S.K.: 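Structure in structure tokens, see below.
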Amino acid sequence: MQGIPKTYDQSQEPNVYKLWESSGYFNPDNLTGKPFTIMMPPPNVTGDLHVGHALFLTLQDIMIRFGRMRGRKTLWLPGTDHAAIATQSKIEADLYKQEGKTRFNLGREEFLKRVEVYAQTKHDNIVRQIRRMGASCDWSREAFTLDEQRSLAVRTAFKKMYDAGLIYRGKRIVNWDSKLKTTVSDDEVEWKDETASFYYLRYGPFVIGTARPETKFGDKYVVMHPKDKRYKNYKHGQKLEVEWINGKVTATVIKDETVDPEFGTGVMTITPWHDAADFEIAQRHNLDFEQIIDDRGVLLPIAGEFANQHIKKARPLIVEKLKAKGLLEKIDESYSHRVATNSRGGGLIEPQIKEQWFVDVTTLKEPMLKTVKSGKIKIIPKRFEKIYFHWIDNLRDWCISRQIWYGHQIPVWYKDGKTFCDTKPPAEPGWVQDPDTLDTWFSSGLWTFSTLGWPQETTDLKTFHPTDVLETGYDILFFWVARMILMSEFLLDDIPFRTVYLHGLIRDKDRQKMSKTKGNVIDPLGIIDTYGTDALRMGLIVGNLPGNDLPLSEDKVRGYRNFANKVWNAARFVLQNIIDLPSPSRRGAGGEVVMTSEDKKILRDLDKFTSEITKKLEKFDFAHAAEDLYHYFWHTFADKIIEESKPKLADPKKRASAQLMLTTMLETQLKLLHPFMPFVTEAIWQLTHKDLLMIQSWPTKGKRK
RNA sequence: GGACGGUUAGCUCAGUGGUAGAGCACUUCUUUGACGUAGAAGGGGUCGCAGGUUCAAAUCCUGCACCGUCCACCA
């Protein structure tokens, strides 16, 4: 015992992890009991792990280790996400920066090779980092959203939805990223505030306002509210000759209730091809659609002398011409509005009318609502349920086709105007597969069951689905959680999980949101090297309530490094002082330890404390459980109970009782602390035990061993 | 324009009706046989503002302010 170092050495953590992993107990096949399952949110293979990942790994590992110790057949299935658009945009950016090339210069095959090399490198690093966090997940079942098994699941899901009429191809207005040259879904659009110039233009007898004069070439409808008295003399359908940018056009008056009479002059012209709201007005009144800007942001022949110019360059010239023609009434320089951008590392969104694949969500809304409203799925914290309902109310058909190359290619083939959808290509020659790929969230939506071997009816699927807990950030409630519910309800007619635990975002010290694309991520591995994994885990858990953001401070982590050392030294004290206590098997037959009433009371309090911790863990209240454990160990056990045990140990009449009390206190607390601080607790346990703390039974009242 | 969250000690946050709490930071002391990554003691808050309910409000109600987030077809 003299050999135990005075300071806890966290550099032994990787060895402890090897011990766990080689034991086989990460794999539920080696466990018994009622299944308990969590699917790990697969990190994107776009970068390294950041502290947000460290947080979810910690939270899920706490639940998993707690479950395992309580005798559950525990499965935590790890994996990674190909993150189609995020990964592709990263590679494209690198390619352009390093070689001045675009993906089109390389070609589809060569480009994909590069992406795969990159993804593999990142994957290997991520997996190493997940291990370093102490995650007790089953590596034998690891999955990737783009591997063979998951690809089959994706094609199968697509076909089933296609056959059910839930997936259709339609020509509609979509969000076009003219930089990445692909569509993105409504949810991926990020609106950014911007101050711009707002132009008031003369349009015949009217004055219309626009922030985008370069889209106005084809405007031949002038729209106003039917009840606007200022324009009561103009009739719906009435035609007027007006002088416009490139000469005379015939304008048609349209009365539509969506026009806000309070805004500007109460009159507007519309550009149905490049504006979602205008598109709807045009649809309602059966108007013409004309494309003005191409996929690259270049003006088409309709722009006359401005054709073939990029909109950025053309705008000032167009304004100049309008001014020269006397059509420019005035300019409001401080007009604030929002511009749409692609949140996944792309560029400005330019609405376009395009033929794309969509998921018809109208019939799927009902089950999505019902599962949560009925309480079959519980969201923690509860306030997010309302946000979820509101999102579903506003949900429109989900555009799932992307014009990028990295991802699941759409399982549809064309030939002579015929369409064929299946999980395999048609046997006869001559069919050409749709070149588009699927939204990455389409494959993520299948995650709870694609990971278990679906569409095959595997034992794993029967055993572990629906999963118990889905733990993730509130920022992907819509992207991911909602889509999983949608997919699982339709394809399996079952919920994907019972409880959704939403954690907040870890922010940097300036409270800035960390994100993969912003590049302000903090490397948790650096923190681990200095303070140890247990310290980081505690720093991320204490004070972290579901749904609330948490700024990360190094001071806090340092405090828990000190706590790990405190645990180590308290253990050292106990172990050094119980050497002459007979082991449980050799007690009895005259060797029974008679507990003093004082020590009995301490153990009764321990029982009470244990059940409080258990209750908090059952309620997903990890922050308070961790805080309580910290206080109890340090300020009750170390400061008081250990100090008061010193004279008892010196008293031959009380010594054995104190020894038994101390070792019981220590072992129970090691078990309670283990889900939170697995490394230091296991390292201490290993000093005197041949088996693993990881699979000890969770302490319960009266069954203390 | 809607909705939600926050506003408590220098900092980060707990605390949902009954004499203000924790961690870190700060002050003083302890030269140490478990640990100085420690121990003991201590200072520090009119709990955003204004009303109201109550014997009693940080805690419930109303309004306001500021910060933050989400949603929404203001051309």
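Quick note on labels: first sequence line is chain A, next is B, and so on, each numbered from 1. Quick note: numbers below take in every heavy atom, side chains included, and nothing from hydrogens, waters or symmetry partners. No experiment lies behind these values; they were computed from the predicted model shown.
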S.K.: Quick one: which residue pairs count as a salt bridge (Lys or Arg N to Asp or Glu O under 4.0 Å) with a foot in residues 196-213 of chain A, not counting sequence neighbours?
M.R.: R202(A)-E329(A), R212(A)-E214(A), R212(A)-E350(A)
S.K.: Mind checking ring pair (Phe, Tyr, Trp, His ring centres under 6.0 Å) for H236(A) and listing every partner two or more places apart, or none if nothing turns up?
M.R.: H285(A)
S.K.: Distance alone, cut at 3.5 Å: any donor-acceptor contact between the side chains of T269(A) and K216(A)?
M.R.: yes
S.K.: Given rA34(B), rU37(B), rU12(B), which nucleotide is nearest the side-chain atoms of P551(A)?
M.R.: rU12(B)
S.K.: Determine the Euclidean distance between corresponding C1' atoms of rA9(B) and rG5(B); express it in Å to zero decimal places.
M.R.: 23 Å
S.K.: With 3.5 Å as the limit, what N/O pairs link the protein to nucleotides 71-75 of chain B?
M.R.:
from, atom 1, to, atom 2, distance (Å)
rC71(B), O2', H390(A), ND1, 3.4
rC71(B), O2', N394(A), ND2, 3.4
rA72(B), N6, R338(A), NH1, 3.1
rA75(B), OP2, Y335(A), OH, 2.1
rA75(B), O5', Y335(A), OH, 3.3
rA75(B), N6, D260(A), O, 2.7
rA75(B), N6, F263(A), O, 3.0
rA75(B), N1, D260(A), N, 3.2

S.K.: Among all residues two or more places apart in sequence or in another chain, which pass the side chain to side chain contact (heavy atoms under 4.5 Å, CB included) test with E243(A)?
M.R.: K248(A), K325(A)
S.K.: Is there a donor and acceptor pair, one atom on the side chain of K566(A) and one on the base of rC35(B), closer than 3.5 Å?
M.R.: yes
S.K.: Without decimals, in angstroms, what is the distance between D9(A) CG and rU37(B) C1'?
M.R.: 13 Å
S.K.: Which residues satisfy the side chain to side chain contact (heavy atoms under 4.5 Å, CB included) test with W634(A), sequence neighbours excluded?
M.R.: N562(A), F563(A), K566(A), Y630(A), D639(A)
S.K.: Mind checking side chain to side chain contact (heavy atoms under 4.5 Å, CB included) for L545(A) and listing every partner two or more places apart, or none if nothing turns up?
M.R.: N548(A), A623(A), H624(A)
S.K.: Could you note down all residue pairs passing salt bridge (Lys or Arg N to Asp or Glu O under 4.0 Å) where residues 254-277 of chain A supplies at least one of them, sequence neighbours left out?
M.R.: D256(A)-R284(A)
S.K.: Applying ring-ring contact (aromatic ring centres under 6.0 Å, His included), which residue pairs with at least one partner in residues 250-278 of chain A are found, sequence neighbours left out?
M.R.: none
S.K.: Fill in the dot-bracket string of RNA chain B, one character per base: . for unpaired, | for a pair to another strand, ( ) or [ ] for pairs within the strand, taking Watson-Crick or G-U pairs under 3.5 Å.
M.R.: ((((((((.[[[[.)..(..]]]].(((((.......))))).....[[[[[..)....]]]]])))))))....
S.K.: Could you write out each protein N or O paired with an N or O of nucleotides 24-31 of chain B at a distance under 3.5 Å?
M.R.:
none

S.K.: Filter on salt bridge (Lys or Arg N to Asp or Glu O under 4.0 Å), then keep only pairs touching residues 263-272 of chain A, sequence neighbours left out; what's left?
M.R.: none
S.K.: Tell me which nucleotide among rU37(B), rC4(B), rA34(B) gets nearest to the side chain of R572(A).
M.R.: rA34(B)
S.K.: Which residues pass the ring pair (Phe, Tyr, Trp, His ring centres under 6.0 Å) test with W391(A), sequence neighbours left out?
M.R.: F478(A)
